[in-house]
Protein chains: 2
Amino acid sequence: MARALHHPEAEQLDLSAILDALSDPVRRGIVLRLAELGEGRCSAFLDMGSKTNLTYHLARLRESGLVHVRIEGTSRILSLRREELEARFPSLLPTILDSARREAAAAG
Amino acid sequence: MARALHHPEAEQLDLSAILDALSDPVRRGIVLRLAELGEGRCSAFLDMGSKTNLTYHLARLRESGLVHVRIEGTSRILSLRREELEARFPSLLPTILDSARREAAAAG
DNA sequence: AGGGTTGTTCAATGGCTATTGAACTCCCGG
DNA sequence: CCGGGAGTTCAATAGCCATTGAACAACCCT
């Protein structure tokens, strides 16, 4: 396992990358759950895809700057980078998550 | 030229499709300009890409439900589907456009 | 009817995306 | 120290993306 994980700086957050990350339903599902749980390890999302597939999506979320990943023993703990996102793109994440919940509620 | 253009129904607006459409800088630029102008024909965006390329991006914007296209003589007039988007996903479009302006202002 | 403007269609391109299974690494608990 | 749980790496796949140039179609004007 890699020792140090790369995370983009707060000032480098890129709107295209963020929207692209959130345009995938699996990734949006992960972010949504993370918003509810506060944080969670990879295995908390196994119902959304295979381990390999999650590794892929989680890397994309991390590289886009949406989530922070901290290593703890053999686990990786994910959390949303809420404040940094809010500082750079106010209301963006909450609004998109609200839309996602709304769509889910509409039995889409 | 095709006679009838397909537009998704308001209730069919899909979040993945919308975010995907807005994740591309060219398309976001078109939507941004459209938000300022109210409406505009295809040729109003020629500084953003070749004619062929614009045809492609405009089709994607239309198919995602973000823009409405009306035929007028040899021109096609585009406009944002603001109310319908707002009804289904409140604040989504304005917030994303705000983020886009913010990013542009930050000399990205 | 002819010519120009407006925008489309087509085929082709290179590159990225999401997904998979098998093999692997790392670390913790016993 | 070794077994198992957590997650990664790799190679492969099929499919979509954005972009291009050349050829075409529709319509308006004179």
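In the text below, chain A, chain B and the rest are named by the order of the sequence lines, each starting its count at 1.
Nearest heavy atoms, Pro8(A) versus Ser64(A): CG-C, 4.1 Å. In this structure, Leu34(B) and Leu78(B) approach most closely via the heavy-atom pair CD1-O, 3.6 Å. The two residues Leu61(B) and Ala21(B) have their closest heavy-atom pair at CD2-CB, 4.3 Å. When all heavy atoms of Leu15(A) and Glu103(B) are compared, the pair lying nearest together is N-OE2, 2.9 Å.
Using a distance-only test at 3.5 Å, with no hydrogens or angles considered, no donor-acceptor pair links the side chain of Arg27(B) to the main chain of His57(B). Here the side chain of Ser75(A) pairs no donor or acceptor atom with the backbone of Ile71(A) at under 3.5 angstrom.
Residue Arg76(A) has a polar side-chain atom (N or O) positioned under 4.0 Å from OP1 or OP2 of dT8(D).
Residues from residues 19-43 of chain B that place a heavy atom under 4.0 Å from any atom of DNA chain D, listed by number: Asp24(B), Arg27(B). Contacts with DNA chain D (heavy atom under 4.0 Å) in residues 49-69 of chain A: Lys51(A), Thr52(A), Thr55(A), listed by number.
Atom CG in Leu78(A) sits roughly 11 Å away from atom C1' in dG7(D) (whole-Å rounding). Counting to the nearest Å, the P atom of dA26(D) and the CD atom of Glu72(B) are 19 Å from each other. Spacing between atom CD1 of Ile71(A) and atom P of dC26(C) amounts to 12 Å, rounded to whole angstrom units.
Ile77(B) and Val31(B) fall into different hydrophobic clusters, where Ile, Leu, Val, Met, Phe, Trp and Tyr residues are linked whenever their side-chain heavy atoms come under 4.5 Å apart, directly or through other members.
If you check the side chains of Arg28(A) and Ser23(A), you find no donor sitting under 3.5 Å from an acceptor.
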